[in-house]
S.K.: 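The following block contains the structure, expressed as structure tokens.
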Amino acid sequence: MPEKLPEFVKSVYFVDEPGNWHLKPGAPEELKREFKHYLDSLCNIQDEPGTVDSIHVSYPYKE
């Protein structure tokens, strides 16, 4: 299932350069906060045992 895109990607201030997402100068503060929050959330690594991309995988597998 595809993930929902954040709202800031629809903004005229958003620049979607591969590997260089950024906001244009003059972007509203609310948009800057949303953008920063999104980028910070990408750094949260789920390293709990038994998870893959934050999804719990039960083991041993049951048939």
Side-chain angles (χ1 to χ4, degrees):
M1 176 191 287
E3 293 183 23
K4 180 181 174 191
L5 289 175
E7 289 296 315
F8 65 80
V9 299
K10 300 175 188 174
S11 170
V12 296
Y13 293 102
F14 177 65
V15 180
D16 183 12
E17 294 175 352
N20 187 24
W21 281 14
H22 62 277
L23 298 175
K24 295 179 182 176
E29 288 301 317
E30 175 68 23
L31 190 66
K32 290 178 185 178
R33 281 191 299 273
E34 180 187 359
F35 183 68
K36 182 178 180 333
H37 177 72
Y38 179 78
L39 293 180
D40 289 345
S41 74
L42 295 177
C43 295
N44 293 337
I45 298 172
Q46 179 71 295
D47 59 357
E48 293 180 22
T51 61
V52 176
D53 293 332
S54 301
I55 299 171
H56 181 73
V57 179
S58 60
Y59 184 83
Y61 301 110
K62 297 178 183 178
E63 294 183 37

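Position 1 is the first residue of the sequence, and the numbers go up from there.
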S.K.: List the residues meeting side-chain contact (heavy atoms from CB on, under 4.5 Å) with Pro6, not counting sequence neighbours, and say none if there are none.
M.R.: Phe8, Val9, Glu34, Tyr38
S.K.: Leu31, Leu5: one ILVMFWY side-chain cluster at the under-4.5 Å cut-off?
M.R.: yes
S.K.: Please tell me if the side chains of Phe14 and Phe35 come closer than 4.5 Å, counting only heavy atoms from C-beta onward.
M.R.: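 Phe14 reaches Phe35 side chain to side chain.
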S.K.: Could you list the donor-acceptor pairs under 3.5 angstrom formed by side chains in residues 17-27, with sequence neighbours left out?
M.R.:
| unit_1 | atom_1 | unit_2 | atom_2 | d |
| --- | --- | --- | --- | --- |
| Glu17 | OE1 | Asn20 | ND2 | 2.7 |
| Trp21 | NE1 | Asp16 | OD1 | 2.7 |
| His22 | ND1 | Asn20 | O | 2.8 |
| Lys24 | NZ | Val12 | O | 3.4 |

S.K.: Taking only residues two or more places apart in sequence, or in another chain, which ones meet Lys36 in a side-chain contact (heavy atoms from CB on, under 4.5 Å)?
M.R.: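 So Lys36 forms a side-chain contact (heavy atoms from CB on, under 4.5 Å) with Asp40.
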